[in-house]
Number of protein chains: 2
Amino acid sequence: MEDASRHHEATIKDVAHLAGCGIASVSRVVNNKGQVSPQLRAKVLKAAAELGFEISDLGRSLRSRKTQTIGCVVPSISNPVYSAAVQGIQDVAVENGQQLLLSCSNYDPEQELKAVRNLISKRVDAMVLTVSDAQNSAALDLLRSRGLPYRLLFNSGPDLSLDCGVDNYEAARHVGQAFSKMGHQHLGYVALRLNRSDRSAQRLSGLKAACEALMLAEPAILEVDENSVFLTTQLQTFLNNHPEITGIFASNDQLAIAIIATLRQLGKKVPQDISIIGFDGIDFGLMMEPTLATIVTYPYEMGRNVAGLVQAEQNNTTQSFSPIEVGFEYRPGGSLGPVSY
Amino acid sequence: MEDASRHHEATIKDVAHLAGCGIASVSRVVNNKGQVSPQLRAKVLKAAAELGFEISDLGRSLRSRKTQTIGCVVPSISNPVYSAAVQGIQDVAVENGQQLLLSCSNYDPEQELKAVRNLISKRVDAMVLTVSDAQNSAALDLLRSRGLPYRLLFNSGPDLSLDCGVDNYEAARHVGQAFSKMGHQHLGYVALRLNRSDRSAQRLSGLKAACEALMLAEPAILEVDENSVFLTTQLQTFLNNHPEITGIFASNDQLAIAIIATLRQLGKKVPQDISIIGFDGIDFGLMMEPTLATIVTYPYEMGRNVAGLVQAEQNNTTQSFSPIEVGFEYRPGGSLGPVSY
DNA sequence: TTGTACGCGTTATCAT
DNA sequence: ATGATAACGCGTACAA
């Protein structure tokens, strides 16, 4: 109850007053910086506790020009891949005494830009972000023009030294090869937002390249609606139009699993009638029956890595930091079977 | 390039200087507040653009005593339930022009307290949090003592008016009833961190109550390790010790799915040998075979609701805001079958 | 060792 | 309509 009536938080001035000393001494005690006698330190500590004093990072940041905050922009936190990455970033941040200011762009470049603006106003020390299209992003342009330290996550940016992600193209080539080894000749690529995710587009490129190199037919493409309610009809139409397809590469595991469930509804067996390979390597793929063949990626580690990079960049501006390849791995699964004639 | 050499961001003072006016006018333009002549406004806007001026929320917040930031503390963002909730909070926050400062406590009360301290120092306007034990939380005590607006998510706190979550007890009773209807008499409850999550404990209470009311045996309890590698042996031992068990209530869906996969490895069929009911209602439950019987909850909506509550509390301090029950729903699934004799 | 005074970037008051 | 000035809470030279 005490001073709560004043209805404004205690400042170092209040503490100094109660402790009967100058504000500089309070600052020294709070920051463990500079010399201060044990007696005074005790008095200050007591006064601070009594007032429930918590230092204000507003004043501190204004003065020090550091907010100990890093900004993060991802398309969505609902997607387990991004949430795992954010968890990694968060963990590294706290290890370094920083906090995370999080924004979700919903795969929208306009929201990306707005988010970056807000984060700049908040004066974050650095940023980590996944943008819709790294080659052409107003948000990244803004960041660069301000010289604010940032790193890309999952994207491959124009400046190669800044990215930290999976080589989608290369990974998708592996997928094509896996299909080919099982005798598949006609593939389909099913994606969620081909035009709003450069990752998805890169995966398609890789698949196409593999098909070409391996003399497979050019893959048919189905871009499905966000709203998975219509997946059934969309998929059925797609398969009717392309009856030759024996294998489907889904742009991510969630979609792959939804496709398998839908195929089951349509009376098709996986992998006897159609084989499926996903992308991401989420745990559930291992627990279903059949297990999901997929490209395993390591979003948590990627988040940690990219956060480590921005950390290093802040602490040591002279050196340049090259990205750490986290890599990927093809994981076989029961959803890919030999093609049946 | 221009003034970048000065290596510090343009301030309102810089803009004023370049526009040849006072800083007050710049402020008026930037905030669209007060009267300013069209000519001057244009000059200011031009100067601001030229300098790449972005207002500093540090100065603004210091002055206004508002940060337009809300703090969020959850156990983990990797768990899809929490990430969905955070997404909901985030969405509401941006709708109200606020940003989200995110912390993960890793189910550790000590980290909860530290996170809250940091968030207080950052002077967030309000907080939303899920704590380990709402009835006994130093973090919440601190929040209360400071009079900082906050809301609980998933927890049921001592102050009933502050929570926004699922009635775990009631939901778990439904689970018991569902088992009972199928003839199950001997149940097991498998949980991840019984002692570090009041939600998990509440679910157990509800299950126990249902068993008692329905004349079932008291449920056997298995608390499994974080590291799911050992799930197989732990589960096997548990079932050996309790051969009478025909149904298992898993404290969440992820665990339920892992248990089903493990049982499959152990050569047990679900639901013929053992029935399973989960908790949360994640989408994957619908896509597996058999589908997962579970309690469906609505974490995204809960996030939105609780964020709405803190918003309202900030805008209108006079009124008191009661929580909106989001509720839950029992969803039948193939993982629950009749008990076989 | 300790205290005083200034500036960090902003908004609001008060003259003009 | 516009500008000078005083806070806001803090860190830090500098003085004592």
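Below, chain A is the first sequence line, B the second, and so on; all start at residue 1.
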I would like to know whether B:Val131 and B:Leu140 meet side chain to side chain contact (heavy atoms under 4.5 Å, CB included); could you show each step before the answer? CA-CA 8 Å; B:Val131 296; B:Leu140 295 187; 4.1 Å; yes

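- No more than 12 heavy atoms of other residues, nucleotides or ligands lie within 6.0 Å of CD in A:Glu110, so this atom counts as exposed by the packing criterion.
- Using a distance-only test at 3.5 Å, with no hydrogens or angles considered, a donor-acceptor pair links the side chain of B:Asp133 to the main chain of B:Gln135.
- End-to-end axis angle of the helix from C:dT1-D:dA16 to C:dT16-D:dA1, using five pairs per end and rounding to 10°, comes to 50°.
- Only A:Leu62, A:Arg63, A:Arg65, listed by number, bring a heavy atom of residues 52-71 of chain A to less than 4.0 angstrom from any atom of DNA chain C.
- Judged by distance alone, with hydrogens and angles left aside, the side-chain atoms of B:Asp125 form no donor-acceptor pair with the main-chain N or O of B:Ile70 at under 3.5 Å.
- Residues passing the salt bridge (Lys or Arg N to Asp or Glu O under 4.0 Å) test with A:Arg63, sequence neighbours excluded: none.
- If you check residues 24-37 of chain A against DNA chain C, the residues with a heavy atom closer than 4.0 Å are A:Ala24, A:Ser25, A:Arg28, A:Gln35, A:Val36, A:Ser37, listed by number.
- Sorted pairs that involve residues 106-147 of chain A and meet ring pair (Phe, Tyr, Trp, His ring centres under 6.0 Å), not counting sequence neighbours, are lacking altogether.
- Looking at A:Glu54 and B:Arg146, no side-chain N of the basic residue comes within less than 4.0 Å of a carboxylate O on the acidic one, giving no salt bridge.
- Distance alone, capped at 3.5 Å, is enough to place a donor-acceptor pair between the B:Ser132 side chain and the B:Arg196 backbone.
- Note on A:Ile23: a base of the nucleic acid sits closer than 4.0 angstrom, heavy atoms only.
- Interface limits on DNA chain D: the 5'-most and 3'-most nucleotides within less than 4.0 Å of chain A heavy atoms are D:dG9 to D:dT12.
- Residues meeting the side-chain hydrogen bond (donor to acceptor under 3.5 Å, both in side chains) test with B:Ser103, sequence neighbours left out: A:Gln99.
- Taking A:Asp198 as the reference, A:Asn155 meet the side-chain hydrogen bond (donor to acceptor under 3.5 Å, both in side chains) condition, with sequence neighbours excluded.
- Remark: A:Arg65 pairs with no residue by the side-chain hydrogen bond (donor to acceptor under 3.5 Å, both in side chains) rule, at least two apart or across chains.
- The side-chain hydrogen bond (donor to acceptor under 3.5 Å, both in side chains) check on B:Arg60 picks up B:Asn31, with sequence neighbours excluded.
- Taking the ring pair (Phe, Tyr, Trp, His ring centres under 6.0 Å) definition, one finds that A:Phe53 meets it with nothing, sequence neighbours left out.
- A donor-acceptor pair is defined here as one N or O able to donate and one able to accept, closer than 3.5 Å; such a pair exists between the side chain of A:Gln87 and the backbone of B:Ser78.
- Distance alone, capped at 3.5 Å, is enough to place a donor-acceptor pair between the A:Ser61 side chain and the A:Asp57 backbone.
- Read 5' to 3', the first and last nucleotides of DNA chain C with an atom closer than 4.0 Å to a heavy atom of chain B are C:dG9 to C:dA12.
- Residues B:Gly20 and A:Ile12 each lie close to DNA chain D; by heavy-atom proximity, the contact nearer the 5' end of the strand is made by B:Gly20.
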